[in-house]
Amino acid sequence: MKKKHLKIAAVVLALAIIAGLCLFANALVGNPVSKVLATRTAKGHLADYYPTYTLDQVSYSFKDGNYYAHLTDPAQIDGDFSLSITPTGKLRYDSYESRVLSGENTRSRLSMEYRAMVDAVLEAPQASLPLDFGFGDLEIWHREFLGNDDCPDYALVMEDLIPNGTYDVRALGAQAGHLVYYLQEEEPSLERLAHWLLEIRRLMDKGGVPFVDIDLSIRYLRDENDRRPESDLYVLHFPYEDIYEEGLLQRVEQANADAIAYYAEMDKMK
């Protein structure tokens with residue numbers, strides 16, 4: 001009788017382990033039945049509302065346990081969007097309005113094109129910048145955020161963008177191009193900060209990629225333990241038009257003081 005009980009306990013334990021593994025796998029990668037249900041929902045929604053679109057793929061997200069149907073229209077460069085669907089096949093939301101109609105896809109496309117232009121100039125071997133991290137971006141904001149402290153007054157309005165529209169990205173850079181670059185040197189200084197502002201402007205002018213302003217920081221090199229001393233050498237939204245040799249160090253000193261004061265004020269609000 002005792003052996004029989006042990007066998008039953010072993011079977012129960014094995015089934016519990018299997019069930020636990022199945023639940024873990026389902027949480028991690030989903031399951032075939034739910035994917036079939038999600039695919040069916042996506043195809044039905046497509047047929048009813050987006051007949052020109054095709055279903056690219058249906059994927060499971062372990063972050064929220066739902067499925068995402070990715071939809072594309074070959075005729076639209078800014079047309080991609082997705083559907084969120086529960087494991088039981090219920091449609092949670094349709095991102096067409098927030099991705100396509102809002103201008104978000106168009107903003108993303110234009111920003112990526114501008115970023116690629118900036119990268120081609122400032123990350124080229126001949127540039128020789130002591131780069132730690134950086135990128136170029138177009139300041140394109142939702143209309144509701146215009147006037148906020150973080151939104152520059154030259155920002156373009158995302159809702160004014162035309163989905164699938166053709167734009168001169170260089171011209172947009174002259175209107176709303178913003179650079180963010182972190183450099184690293186053995187001995188950072190405000191003089192070196194001014195030097196690199198001039199060099200970045202020279203390289204960008206030579207490469208034909210305009211910008212409105214730049215956040216630039218110079219940090220110390222990391223030591224053998226991957227650590228580095230603190231550095232307060234940075235400027236925020238330093239205007240392109242102020243990057244010229246005469247009096248530059250004085251402008252950089254003032255901009256650096258303003259930036260330090262800004263971050264100190266932000267720390268008080270935490």
### Task
Could you check if a side-chain atom of Asn66 sits within less than 4.5 angstrom of a side-chain atom of Pro87, using non-hydrogen atoms only?
yes

### Task
Compute whether any side-chain donor of one residue and acceptor of the other, for Thr106 and Asp78, lie under 3.5 angstrom apart.
yes

### Query
Do Leu122 and Met204 touch side chain to side chain, with heavy atoms closer than 4.5 Å?
yes

### Query
Hey, is the main chain of Val33 close enough, under 3.5 Å, to the side chain of Asn31 for a donor-acceptor pair?
yes

### Message
Contact between Val212 and Tyr240 at the side-chain level, heavy atoms closer than 4.5 Å - yes or no?
### Response
no

### Task
Report the distance from atom CG of Leu138 to atom CD of Glu113, rounding to the nearest 0.5 Å.
9.5 Å

### Message
Between Asp258 and Gln254, is there a side-chain heavy-atom distance shorter than 4.5 Å?
### Response
yes

#### Entry: Joint hydrophobic cluster, Leu249 plus Leu198, side-chain heavy atoms closer than 4.5 Å
yes

### Task
For residues Pro163 and Gln76, determine if any side-chain heavy atom of one lies less than 4.5 Å from a side-chain heavy atom of the other.
no

### Message
Using 30° and 60° as the class boundaries, would you call the ring planes of Tyr182 and Phe133 parallel, tilted or perpendicular?
### Response
tilted

### Task
Evaluate the criterion side-chain hydrogen bond (donor to acceptor under 3.5 Å, both in side chains) for residue pair Tyr154 and Asp213; output intermediate values, then yes/no.
CA-CA 10 Å; Tyr154 59 79; Asp213 59 23; 2.9 Å; yes

#### Entry: Straight-line distance of Ser128 OG to Glu199 CD, nearest 0.5 Å
8.5 Å

### Task
Examine Val100 and Met158 and state if one hydrophobic cluster contains both, with Ile, Leu, Val, Met, Phe, Trp and Tyr joined whenever side-chain heavy atoms are less than 4.5 Å apart.
no

## Note on the structure
In this structure, CD of Glu139 is separated from CZ of Phe211 (nearest 0.5 Å) by 13.5 Å

### Query
Going through the distances and angles, do Tyr96 and Tyr49 end up as a ring pair (Phe, Tyr, Trp, His ring centres under 6.0 Å)?
CA-CA 11 Å; Tyr96 181 78; Tyr49 298 99; over 10 Å; no

### Message
Please tell me whether Leu91 and Leu55 are part of a single hydrophobic cluster in this structure, the criterion being side-chain heavy atoms less than 4.5 Å apart.
### Response
yes

### Query
Is the CD atom of Glu159 crowded by more than 12 outside heavy atoms at less than 6.0 Å?
yes

#### Entry: Non-hydrogen side-chain atoms of Lys90 and Thr41 separated by less than 4.5 Å
no

### Summary
Across all chains, not counting sequence neighbours, the side chain to side chain contact (heavy atoms under 4.5 Å, CB included) partners of Tyr93 are Tyr68, Ser84, Ser95

### More than 12 heavy atoms from other groups under 6.0 Å of CZ on Arg40
no

### Query
Can you tell me if Arg170 uses its side chain to pair, donor with acceptor, with the backbone of Gly208 under 3.5 Å?
yes

### Message
Taking Ile243's backbone N and O only, do any of them form a donor-acceptor pair with Arg201's side chain (distance below 3.5 Å, no angle check)?
### Response
yes

### Message
How long is the straight-line distance from OH of Tyr53 back to CG of Asp80, given to the nearest 0.5 Å?
### Response
7.0 Å

### Query
Do Asn256 side-chain atoms and Tyr234 backbone N/O form a donor-acceptor pair below 3.5 Å?
yes

### Contact check, side chains of Leu193 and Phe238, non-hydrogen atoms, under 4.5 Å
no

### Message
Is there a path of hydrophobic side-chain contacts, each under 4.5 Å between heavy atoms, that joins Leu183 and Leu179?
### Response
yes

### Query
Hey, do the aromatic rings of Phe81 and Tyr50 have their centres closer than 6.0 Å?
yes

#### Entry: Ring-face cation of Arg109 near Tyr167 (centre distance under 6.0 Å, axis angle within 45°)
no

### Task
Measure the CG-CH2 distance between Leu146 and Trp141 for me, rounded to the nearest 0.5 Å.
9.0 Å

#### Entry: Polar side-chain atom of Thr39 near backbone of Lys35 as donor-acceptor pair, under 3.5 Å
yes

### Query
When the ring planes of His178 and His237 are compared, do they come out parallel, tilted or perpendicular, using 30° and 60° as the limits?
parallel

### Task
Could I get the full list of side-chain hydrogen bond (donor to acceptor under 3.5 Å, both in side chains) partners for His195, not counting sequence neighbours?
none

### Task
Can you measure from OG1 (Thr54) to CG (Leu46) and round to the nearest 0.5 angstrom?
7.5 Å

### Message
Quick one, Leu172 and Ile140 - any side-chain contact, counting heavy atoms below 4.5 Å?
### Response
no

